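What you see is a predicted model, and the numbers here were worked out from it, not measured in a lab. Below, chain A is the first sequence line, B the second, and so on; all start at residue 1.
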2 protein chains.
Amino acid sequence: MLRLRRIPIDTFGENVAYIHKNCSQYKANDINVPTKVEIHGGINPVYASLVVTDDHNLLKPDEMGLGIQAFKQINMPEGADVSIAPSPPPPSIEAVRRKISGNILTPGEYKAVINDIASNRYSKMEVASFLVANGTFMTTPELLALTEALAGEENHLIWEDEDIVTDVHCVGGLPGNRTDLVVTPIIAAYGLPIPKTATRGITSSSGTIDAMEVLAKVDLSPRKVTNIVTEHKGCIAWKKTLGIAPADDILLSVEKAIGMSMQQQMIASILSSKIAAGITHLLVDIPVGAHTKVRNMPEAMKLRKNFEYVAGMLAMEIDVVVTDGSEPVGQGIGPVLEARDAMKVLRCKSDAPQDLREKSLFLAGRMLEFDPQMKGGQGYHIAREILDSGRALEMMNRIIHAQGRASPPILGHLTRDITASESGLIEEINNERISRIASLAGSPQDKGAGVDLIKKVGDTVEQGEVLYRIHASNPTDFAFANGVAEGYSGYDISRRKTATYDR
Amino acid sequence: MLRLRRIPIDTFGENVAYIHKNCSQYKANDINVPTKVEIHGGINPVYASLVVTDDHNLLKPDEMGLGIQAFKQINMPEGADVSIAPSPPPPSIEAVRRKISGNILTPGEYKAVINDIASNRYSKMEVASFLVANGTFMTTPELLALTEALAGEENHLIWEDEDIVTDVHCVGGLPGNRTDLVVTPIIAAYGLPIPKTATRGITSSSGTIDAMEVLAKVDLSPRKVTNIVTEHKGCIAWKKTLGIAPADDILLSVEKAIGMSMQQQMIASILSSKIAAGITHLLVDIPVGAHTKVRNMPEAMKLRKNFEYVAGMLAMEIDVVVTDGSEPVGQGIGPVLEARDAMKVLRCKSDAPQDLREKSLFLAGRMLEFDPQMKGGQGYHIAREILDSGRALEMMNRIIHAQGRASPPILGHLTRDITASESGLIEEINNERISRIASLAGSPQDKGAGVDLIKKVGDTVEQGEVLYRIHASNPTDFAFANGVAEGYSGYDISRRKTATYDR
């Protein structure tokens with residue numbers, strides 16, 4: 001037996017076990033390849049990757065250390081007796097192998113893989129293998145099976161008295177696209193339930209939840225979500241705290257680490273969480289643009305068909321809209337800036353970003369038409385009425401109050417204006433570049449960091465005029481963001497003074 | 001700037017950087033996803049995955065730690081000034097993304113990926129993604145491009161005075177298949193140069209180099225290999241120390257970690273190292289069997305065609321033979337036991353495993369026919385003459401002496417006999433099971449560990465008779481191996497007393 005030690009090292013989503021080179025139980029001396037072990041002593045075995053140290057300060061030969069996450073899982077005090085054994089490969093890894101060889105997997109195989117991932121039996125390398133194997137080729141029945149496996153057996157939110165429970169979800173890739181914060185209060189104010197669950201930024205500079213957290217608490221229990229939606233019809237909650245699909249978090253964190261978003265995985269991830277949240281009617285927003293996640297219409301159509309197929313098999317009503325993803329939406333990129341923009345729209349301020357307002361009204365209009373009572377084509381007008389009358393703002397304040405108001409973070413005090421290197425017409429703003437600059441500035445972990453766009457596509461600028469302002473709080477982050485923005489601002493400016501599409 | 005510290009933690013092939021939660025330079029507080037950084041201060045930047053600790057004993061806020069491997073790479077003393085910056089994704093990751101989406105990659109893209117992997121710019125997750133993306137689908141020109149990228153620009157071994165430089169390589173998966181140790185001295189004794197380079201066990205319980213290391217030193221410099229082969233015609237050297245294809249080592253270690261061997265990757269890995277070693281004539285051995293790497297003839301044929309295509313484009317003569325992989329070759333599984341079997345064959349002992357002898361003669365015979373002077377069909381007979389005359393043994397002793405004799409490790413003193421649970425005929429021995437038991441017993445890191453097969457397919461046994469003996473040195477390993485062998489021995493015994501194929 002070895003004595004348990006907590007090793008205060010955070011490896012972000014991977015279980016790690018530490019033993020001494022001269023470990024008294026496990027022969028570590030000769031290990032020269034990554035090894036997986038199972039640790040016994042707690043209620044359930046904990047699976048971890050093994051690393052070896054010869055530092056006596058860190059660990060003695062009769063001790064075994066667990067990193068922060070694995071120590072939490074074993075749920076035993078320091079000093080407890082544990083034992084360690086080599087862990088055979090998770091049984092479902094054979095399915096991954098079969099998938100790589102071009103086979104079609106069964107629903108049972110998908111379930112087994114997802115269960116093993118949820119139990120931390122897959123290393124990050126194995127999770128990446130599963131993601132990529134699916135990413136190269138998946139049939140629609142496989143996609144359905146993966147979605148059902150992720151959704152699990154039971155709904156986490158139950159709406160007994162509602163025939164229609166709505167949600168809206170953007171597939172992402174478009175900076176500043178915080179329409180959720182406007183659409184949700186409009187729909188709730190109209191009277192349709194909308195228990196919106198969302199994630200933090202996955203491969204992007206900010207997600208819906210990062211921005212909502214500027215205004216309110218987002219880590220709500222399933223019970224709290226149910227209560228808030230029952231009373232106010234709407235809420236905007238962090239998906240993770242609902243305990244929906246633990247495997248999904250691991251898959252997302254690996255996608256983030258490899259900087260790749262697999263489309264089929266995204267469909268399964270979105271739809272499984274909507275199923276578990278009891279959603280009956282879903283609007284999906286697919287922005288299309290050269291520098292966003294979905295690059296062209298054929299890709300968007302393929303994605304739409306897949307969404308429709310899986311949702312149909314799961315008896316969920318779905319409306320998939322393809323929107324303009326050619327430049328960022330709104331003005332601010334980063335949680336504080338995005339929350340500011342959304343609140344300006346809800347407050348009907350004259351300087352509110354009009355593109356964010358119009359897109360939100362368009363989406364809300366489509367969602368209102370889920371109501372069988374709504375006369376076809378009236379959705380947009382009703383949505384505008386709700387927004388312009390102040391009822392959406394009032395609802396947003398009620399939702400914020402119900403979730404618990406957050407102490408608002410401050411906009412990053414380190415600022416830098418990026419200016420036009422020549423005069424002309426702004427032809428294009430590169431979403432990926434702007435997103436990267438906002439990320440380097442510290443977004444979304446640093447909520448006040450980001451990029452505030454002063455000019456948008458179609459504007460003309462004089463040389464030296466400000467294109468956008470970088471905000472940061474941390475000098476190192478600030479320097480990184482500035483360095484990248486100086487290399488290439490992300491703005492393409494042509495000498496022509498008017499847009500070609502104006503002619 | 002931060003002060004450099006060496007953190008004595010071994011993470012096996014991944015560069016890891018450690019910073020304190022309150023790091024004075026890098027804002028670590030908010031990191032919640034795996035992050036890659038580059039460390040500046042040395043001659044070249046070192047790339048690493050970042051982990052965060054709040055343990056003051058391990059690291060102070062103004063220090064940055066590097067794990068054993070990364071510390072070696074930065075090549076600076078402890079206390080040196082270093083700085084740390086977020087590392088953008090390696091540029092070539094876009095090619096991996098394109099491959100996942102079904103695109104055909106160019107030779108330039110393969111080169112870029114392999115270079116970035118060699119510079120440690122890929123995380124293990126990204127390496128796994130590349131392997132799996134290739135594993136799902138690759139054209140033959142892509143396979144050629146990958147092989148050339150792995151081979152690099154220059155040959156590491158140069159043979160100016162030789163028209164024919166031979167080697168033999170088994171694709172693996174068959175325990176005990178140490179024909180290399182018999183074939184190499186036969187070929188060298190005949191007079192054909194054979195600078196054999198090989199690996200340690202990749203996904204198997206033992207490799208050629210693990211067994212050779214029992215007899216002689218295997219970490220030879222390119223210069224030493226050249227000298228030995230010039231003088232004696234043969235040697236058996238560890239591929240890694242030749243500095244051939246550093247990216248290949250990383251790819252192999254990830255394959256080992258995920259327990260998957262990608263066939264195309266294997267072809268590229270084998271042929272690239274042969275090109276770099278200056279081999280002109282190669283014999284490839286593909287064992288086929290239900291429980292080995294290549295499971296059936298169509299698979300073996302596909303593999304053969306691919307070997308022939310790539311070798312042809314690289315102007316290398318290749319002879320691919322498909323052999324019987326239905327049961328382990330020889331008697332011992334594990335470095336010491338395998339070296340013992342090979343030496344028995346070379347010494348023409350009466351108790352030498354006949355299957356190892358016959359297979360070695362068959363392979364050596366095929367290789368001898370690479371010699372244009374050899375009359376067709378004479379190879380086998382010449383090989384047998386060289387072996388039976390003792391010339392092969394004499395050559396092996398010269399090679400061992402030239403490489404440097406090793407202090408021989410001892411056979412594991414902990415033994416356990418696994419016996420037949422019923423009387424009957426041995427129908428099958430499961431290669432994978434036997435290999436797993438040998439691995440658990442400690443092979444190949446513990447050279448004396450392994451499995452000694454007393455009975456083989458076609459033998460009849462009485463209930464209680466010994467099937468095989470497990471050897472181990474470490475009590476924990478011994479217990480693991482026994483536990484698995486007790487569950488299922490790997491032997492399938494039928495009640496029939498004679499083999500069906502005898503009738």
Side-chain angles (χ1 to χ4, degrees), chain A residues 7-14 18 21 25-27 29-35 49 51-55 57-58 85-86 88-89 93 96-97 99-102 123-129 131-133 135-137 253-254 256-260 262 436 440 442 445-446 474 476-477 480 484, chain B residues 7-14 18 21 25-27 29-36 49 51-55 57-58 85-86 88-89 93 96-97 99-102 123-129 131-133 135-137 253-254 256-260 262 436 440 442 445-446 474 476-477 480:
Chain A
I7 305 290
I9 293 180
D10 192 346
T11 35
F12 311 117
E14 182 149 43
Y18 300 80
K21 208 174 168 72
Q25 191 218 338
Y26 199 91
K27 204 181 47 166
N29 213 9
D30 295 328
I31 296 175
N32 55 15
V33 292
T35 302
S49 300
V51 302
V52 175
T53 180
D54 57 11
D55 184 352
N57 295 322
L58 196 66
I93 204 82
V96 179
R97 222 172 270 144
K99 186 75 205 146
I100 296 171
S101 311
S123 71
K124 282 187 201 168
M125 284 174 272
E126 287 163 338
V127 172
S129 302
L131 282 169
V132 171
T136 53
F137 175 70
S253 85
V254 170
K256 182 152 191 166
I258 61 178
M260 295 183 205
M262 311 287 166
R436 172 140 177 81
L440 283 172
Q445 286 84 17
D446 177 355
N474 176 283
T476 317
D477 292 346
F480 294 145
V484 168
Chain B
I7 305 290
I9 293 179
D10 193 346
T11 36
F12 312 117
E14 182 150 45
Y18 300 80
K21 209 175 168 70
Q25 192 219 338
Y26 198 90
K27 204 180 46 169
N29 214 9
D30 295 328
I31 296 176
N32 54 16
V33 291
T35 301
K36 271 192 301 184
S49 301
V51 301
V52 174
T53 179
D54 56 11
D55 184 351
N57 294 323
L58 196 66
I93 204 81
V96 179
R97 222 172 270 144
K99 186 75 206 147
I100 295 170
S101 311
S123 70
K124 282 187 200 167
M125 285 174 272
E126 288 164 336
V127 172
S129 302
L131 282 169
V132 171
T136 53
F137 174 71
S253 86
V254 170
K256 182 152 192 166
I258 61 179
M260 297 183 204
M262 310 289 165
R436 172 141 176 80
L440 283 172
Q445 285 84 16
D446 177 356
N474 177 281
T476 316
D477 292 345
F480 294 144

Name the region of [X], side chain, backbone, both or neither, that has any atom closer than 4.5 Å to a heavy atom of chain B.
X: A:D54; value: both
X: A:I7; value: neither
X: A:L58; value: side chain

Would you give the length of the straight line joining atom CD of B:E126 to atom NZ of A:K124, rounded to the nearest 0.5 angstrom?
11.5 Å
Could you walk me through whether B:M125 and A:V127 pass the side-chain contact (heavy atoms from CB on, under 4.5 Å) test, one step at a time?
CA-CA 8 Å; B:M125 285 174 272; A:V127 172; over 6 Å; no
Exercise: identify the closest heavy-atom pair between [X] and [Y]:
X: B:P8; Y: A:T53; result: O-OG1, 2.7 Å
X: B:A133; Y: B:K99; result: CB-CG, 3.7 Å
X: A:K21; Y: A:V52; result: CA-CG1, 3.7 Å
X: A:E14; Y: A:S49; result: OE2-OG, 3.3 Å

For chain A, which candidate among [options] shows the most heavy-atom pairs at distances under 4.5 Å?
options: B:V96, B:T476, B:N474; value: B:N474
options: B:D477, B:L440, B:V51, B:T136; value: B:T136
options: B:S101, B:S123, B:A85, B:G442; value: B:A85
options: B:L131, B:D55, B:I100, B:V254; value: B:I100

Segment of B:F137 engaging chain A (4.5 angstrom heavy-atom cut-off)
neither
